[in-house]
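A short write-up of the structure that comes next.
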Amino acid sequence: VGLPISYTITVNPIPIVAAVPDETVCSNTATTAVTFTSTTAGTTFSWTNDNTSISMPASGSGNIPSFTATNTGASAITATITVTPTANGCVGLPISYTITVNPIPIVDPIPDETVCHNDVTSAVTFTSATAGATFAWTNNNTSIGLGASGNGNVASFTATNTGTSAITATITVTPIANGCVGLPISYTITVNPIPIVA
């Protein structure tokens, strides 16, 4: 009977990436930094991104730092990030999560209007290329017969000016879509007085 020898068989586990929640942000907003984790010690991570238009690289390794997401279009865009774990030479199953970037809505321009005292103004319907946009507006001169603020469109109203000089109101409109607030635009309504002969 000879001397026995021994050898070992080591079985490494398949690493698993902990789930990462999906994220939705507005354009020009910083995303949340993502730190990948696994219960398998020493796990490393590589990732790919299928939509670089959100301003994130196509691929990388390690964690994903916060970055400023962009969307220059009128509709939401979504990127799918696929993460693959590796530990001790064993490649785990990839997981995916998404980053959706909503656009900043833009109000289509509104022409200025000039009317006379007791004339009926034109109704104003606000529009935006971003679907579902809503609008909030303010008026800095209620003496023309329009309220100080409102939501939605501006209905036609009877303009007033009981003075002897023209008065002008500036209406400032702010668009909102999917929780993203766009840049306000302004237009004016000028109301001329009715002249009286001395």
Side-chain angles (χ1 to χ4, degrees), residues 21-34 49 51-57 64-80 98-198:
D22 296 336
E23 184 173 14
T24 300
V25 296
C26 297
S27 183
N28 298 327
T29 301
T31 63
T32 302
V34 177
N49 163 33
N51 188 348
T52 58
S53 69
I54 69 167
S55 294
M56 179 180 173
I64 298 176
S66 173
F67 65 93
T68 300
T70 59
N71 178 355
T72 58
S75 302
I77 56 176
T78 298
T80 299
T98 61
I99 298 175
T100 299
V101 185
N102 287 317
I104 299 297
I106 297 173
V107 188
D108 295 325
I110 305 295
D112 297 335
E113 184 174 13
T114 300
V115 295
C116 295
H117 172 66
N118 284 335
D119 280 352
V120 175
T121 64
S122 301
V124 176
T125 300
F126 302 118
T127 58
S128 173
T130 302
T134 60
F135 307 94
W137 54 265
T138 59
N139 165 30
N140 73 343
N141 188 349
T142 58
S143 68
I144 68 166
L146 178 66
S149 62
N151 293 296
N153 300 317
V154 176
S156 169
F157 66 94
T158 300
T160 59
N161 180 356
T162 57
T164 57
S165 301
I167 57 175
T168 299
T170 300
I171 291 83
T172 301
V173 189
T174 302
I176 303 168
N178 303 306
C180 302
V181 179
L183 293 175
I185 68 165
S186 295
Y187 69 99
T188 62
I189 299 174
T190 299
V191 184
N192 288 317
I194 296 297
I196 299 172
V197 181

- Query: Out of curiosity, Asn118 CG to Thr162 OG1, how far, rounded to the nearest 0.5 Å?
  - Reply: 10.0 Å

- Query: Between Asn153 and Phe126, is there a donor-acceptor pair closer than 3.5 Å when you use the side chain of the first and the backbone of the second?
  - Reply: yes

- Item | Any donor-acceptor N or O pair under 3.5 Å, side chains Thr31, Glu23 | no

- Task: State the OG1-CD1 distance between Thr125 and Ile110, to the nearest 0.5 angstrom.
- Result: 8.0 Å

- Message: Using only atom types and a distance under 3.5 Å, with no angle test, would you say the side chain of Ser149 pairs donor to acceptor with the backbone of Trp137?
- Response: no

- Heavy-atom distance under 4.5 Å between the side chains of Pro103 and Cys180, does that happen here? no

- Heavy atoms of Asp119 and Val115 approach each other most closely as CB-CB, 3.9 Å

- Thr188 side, atom OG1; Asn141 side, atom CG - distance, nearest 0.5 Å: 11.5 Å

- Message: I'd like to know whether Cys26 forms a side-chain contact (heavy atoms from CB on, under 4.5 Å) with Ile104, so could you lay out the CA-CA distance, the side-chain angles of the two residues, the decisive distance to 0.1 Å, and finally the verdict.
- Response: CA-CA 7 Å; Cys26 297; Ile104 299 297; 4.2 Å; yes

- Would you say the side-chain atoms of Ser128 pair up with the backbone N or O of Ile106, donor to acceptor, closer than 3.5 Å? yes

- Between Asn71 (side chain) and Gly73 (backbone), is there a donor-acceptor pair under 3.5 Å? yes

- Message: For the CD1 atom of Ile54 and the CD1 atom of Ile99, what is their distance to the nearest 0.5 Å?
- Response: 4.5 Å

- Is there a side chain to side chain donor-acceptor pair (under 3.5 Å) between Thr121 and Glu113 once you walk through the steps? CA-CA 8 Å; Thr121 64; Glu113 184 174 13; 4.8 Å; no

- Is there a side-chain contact between Thr130 and Pro175 (heavy atoms, below 4.5 Å)? no

- Query: Is Thr134 close to Asn151 at the side-chain level, that is, under 4.5 Å between some pair of heavy atoms?
  - Reply: no

- Item | For the student: nearest non-hydrogen atoms of Gly147 and Thr142, plus distance | C-CG2, 3.9 Å

- State the OG1-CG distance between Thr158 and Leu146, to the nearest 0.5 angstrom. 11.5 Å

- Step-by-step side-chain contact (heavy atoms from CB on, under 4.5 Å) determination, Asn28 to Thr70: CA-CA 5 Å; Asn28 298 327; Thr70 59; 4.2 Å; yes

- Message: Can you give me the closest heavy-atom contact between Ala76 and Asn102, atom names plus distance?
- Response: CB-OD1, 3.3 Å

- Going from CZ on Phe67 to OG1 on Thr29, what distance comes out if it is rounded to the nearest 0.5 angstrom? 11.0 Å

- Query: Among Asp112, Thr168, Asn161, whose side-chain hydrogen bond (donor to acceptor under 3.5 Å, both in side chains) with Thr190 holds?
  - Reply: Thr168

- For Gly182 and Thr174, work out which heavy atoms get closest and say how close. O-CG2, 3.7 Å

